[in-house]
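Residue numbers start at 1 and run along the sequence shown.
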Amino acid sequence: MWAYIIKRLLLMVPTLFGIVLITFVVLQMVPGGPVERMIAQFRAHARGTEGGAMSLGGESALLRRSQMDQEQVEYLKKLYGFDKPVHVQFFGWLVRLFTFDFGESYYHHKRVVDLVIEKLPVSVSLGAWSFFLVYLTCIPLGIRKAVKHGTRFDAFTSVLILVGYSVPGFVLGIFLIVLFGGGSFWSLFPLRGLTSDGFADFTLWEKVLDYLWHLVLPLTCYVIGSFSVLTLLTKNSILDEINRQYVQTAVAKGLSQRKVLFKHVFRNAMIPIILGFPGSFLAMFFTGSLLIETLFSLDGLGLLSYESIISRDYPVVMATLFFFSLLALISNLLSDLSLILVDPRISFESAPR
């Protein structure tokens with residue numbers, strides 16, 4: 001098994017190299033880099049402060065402005081390293097990313113690591129609650145649906161979860177805001193952030209209630225679409241195992257249905273669920289939904305990633321993509337290793353010929 005782990009870890013290096021290369025090429029092809037954006041902002045500011053001075057200066061003022069702009073462009077290119085050849089820039093990014101030196105944000109003027117840590121609590125908070133709510137609800141519901149397969153309960157719950165899956169989270173969010181967030185009906189839940197003003201002065205119990213109160217609407221939008229996939233996967237896995245020969249043999253020996261279900265069927269049926277467990281765990285904990293975070297004014301990683309792409313904040317874009325790609329690769333490895341805990345018969349050693 002250790003040989004398999006080492007092999008997978010070594011394969012992560014070329015995979016990350018390819019991800020960084022593709023991202024770098026795409027960023028080079030996208031028009032309007034950070035230097036151009038800064039120059040445009042400077043020009044807009046200069047027009048507002050100088051007013052009509054340009055019209056009085058004539059051609060000499062235009063010439064001076066053009067010369068000044070060119071000097072600023074060269075200075076900014078040198079400052080951010082864009083004056084170097086493309087291959088030198090790329091290998092510079094590789095060295096920084098693989099040594100976890102993500103640099104400083106062009107837009108926020110903070111270290112990228114500090115910026116991510118600052119935004120992380122919102123995404124982790126929503127991800128943690130989403131993860132536990134989804135798994136603690138879907139697995140028991142999937143088991144119940146499998147036991148009651150073909151009944152009214154099974155049909156009714158299938159309709160509910162499929163309707164929830166078909167409604168996008170941000171559309172549901174707009175509906176909840178209009179209905180419960182002070183839109184056209186009731187004002188029952190807050191619409192901004194995860195805490196109220198003066199949160200630091202609240203008692204412990206008031207802090208807990210205020211935090212949960214702010215979570216209701218965004219958390220509903222996060223989890224509503226996740227119920228169907230896991231619930232139906234659990235149900236179908238249980239049904240597949242129930243129809244196998246060893247289950248019929250166990251029933252013929254006189255074992256109770258409950259004992260057969262939880263001692264034999266459940267363990268084997270959970271293998272597909274466990275396979276996706278680490279990936280879902282990391283995804284829900286560390287990633288956010290851009291539209292939902294924007295809708296409820298939640299300053300998390302989803303909103304940060306979007307703003308970084310729009311503002312051409314290359315250090316944040318490269319760092320977040322590298323970080324989440326690394327997490328995805330690690331989660332895939334953990335998914336494989338977790339199968340051994342569920343089924344010891346699984347081995348990653350090469351079979352003898």
Problem set entry | Heavy atoms from other residues, nucleotides or ligands near CZ of Arg144 exceed 12 (cutoff 6.0 Å) | no
Problem set entry | More than 12 heavy atoms from other groups under 6.0 Å of CZ on Phe153 | yes
Look up atom [atom1] in [X] and atom [atom2] in [Y], then write down how far apart they are to the nearest 0.5 Å.
X: Phe199; Y: Leu194; atom1: CZ; atom2: CG; result: 9.5 Å
X: Asp201; Y: Ser196; atom1: CG; atom2: OG; result: 12.0 Å
X: Thr157; Y: Leu141; atom1: OG1; atom2: CG; result: 5.5 Å
X: Ile117; Y: Lys119; atom1: CD1; atom2: NZ; result: 13.0 Å
X: Ile292; Y: Leu217; atom1: CD1; atom2: CG; result: 11.0 Å
X: Tyr211; Y: Thr195; atom1: OH; atom2: OG1; result: 10.0 Å

Using modelled atom types only, decide if a donor and an acceptor are shared between the side chain of [X] and the backbone of [Y] within a distance under 3.5 Å.
X: Trp93; Y: Leu21; result: no
X: Ser130; Y: Tyr222; result: no
X: Ser166; Y: Val163; result: yes
X: Lys145; Y: Asp154; result: yes
X: Asp210; Y: Glu206; result: no

Which heavy atom in [X] sits nearest to a heavy atom in [Y], and how many Å separate them?
X: Ile19; Y: Thr23; value: O-OG1, 2.8 Å
X: Thr99; Y: Arg96; value: OG1-O, 3.2 Å
X: Val316; Y: Ser308; value: CG1-OG, 2.9 Å
X: Ile143; Y: Thr234; value: N-CG2, 4.0 Å
X: Ala146; Y: Ile238; value: CB-CG2, 3.4 Å

Going hydrophobic residue to hydrophobic residue with side-chain gaps under 4.5 angstrom, can you get from [X] over to [Y]?
X: Leu239; Y: Tyr246; result: no
X: Leu11; Y: Ile6; result: no
X: Leu160; Y: Leu172; result: no
X: Val147; Y: Phe156; result: no
X: Val229; Y: Ile161; result: no

Exercise. Given Leu303 and Leu298, is the side chain to side chain contact (heavy atoms under 4.5 Å, CB included) satisfied, shown in steps?
Worked result: CA-CA 8 Å; Leu303 188 60; Leu298 303 174; over 6 Å; no
Any side-chain heavy-atom pair of [X] and [Y] under 4.5 Å:
X: Leu333; Y: Leu9; result: yes
X: His108; Y: Asp313; result: yes
X: Phe227; Y: Tyr165; result: no
X: Glu118; Y: Lys110; result: yes
X: Ser123; Y: Glu293; result: yes
X: Leu215; Y: Leu126; result: yes
X: Leu304; Y: Leu301; result: yes
X: Tyr106; Y: Ser311; result: no

For this session: Verify whether the ring centers belonging to Phe91 and Phe24 lie closer than 6.0 Å.
Result: no
Exercise. Between Phe322 and Phe98, is the gap from one ring center to the other below 6.0 Å?
Worked result: yes
Exercise. What class does the angle between the rings of Phe90 and Phe17 fall in, given that below 30° is parallel, 30 to 60° is tilted and above 60° is perpendicular?
Worked result: perpendicular
Exercise. Stepwise, does the side chain to side chain contact (heavy atoms under 4.5 Å, CB included) test hold for Leu212 with Val216?
Worked result: CA-CA 7 Å; Leu212 295 176; Val216 172; 5.9 Å; no
For this session: Check the pair Phe102, Arg111 against side chain to side chain contact (heavy atoms under 4.5 Å, CB included), reporting the backbone distance first and the verdict last.
Result: CA-CA 8 Å; Phe102 300 131; Arg111 292 177 64 244; over 6 Å; no
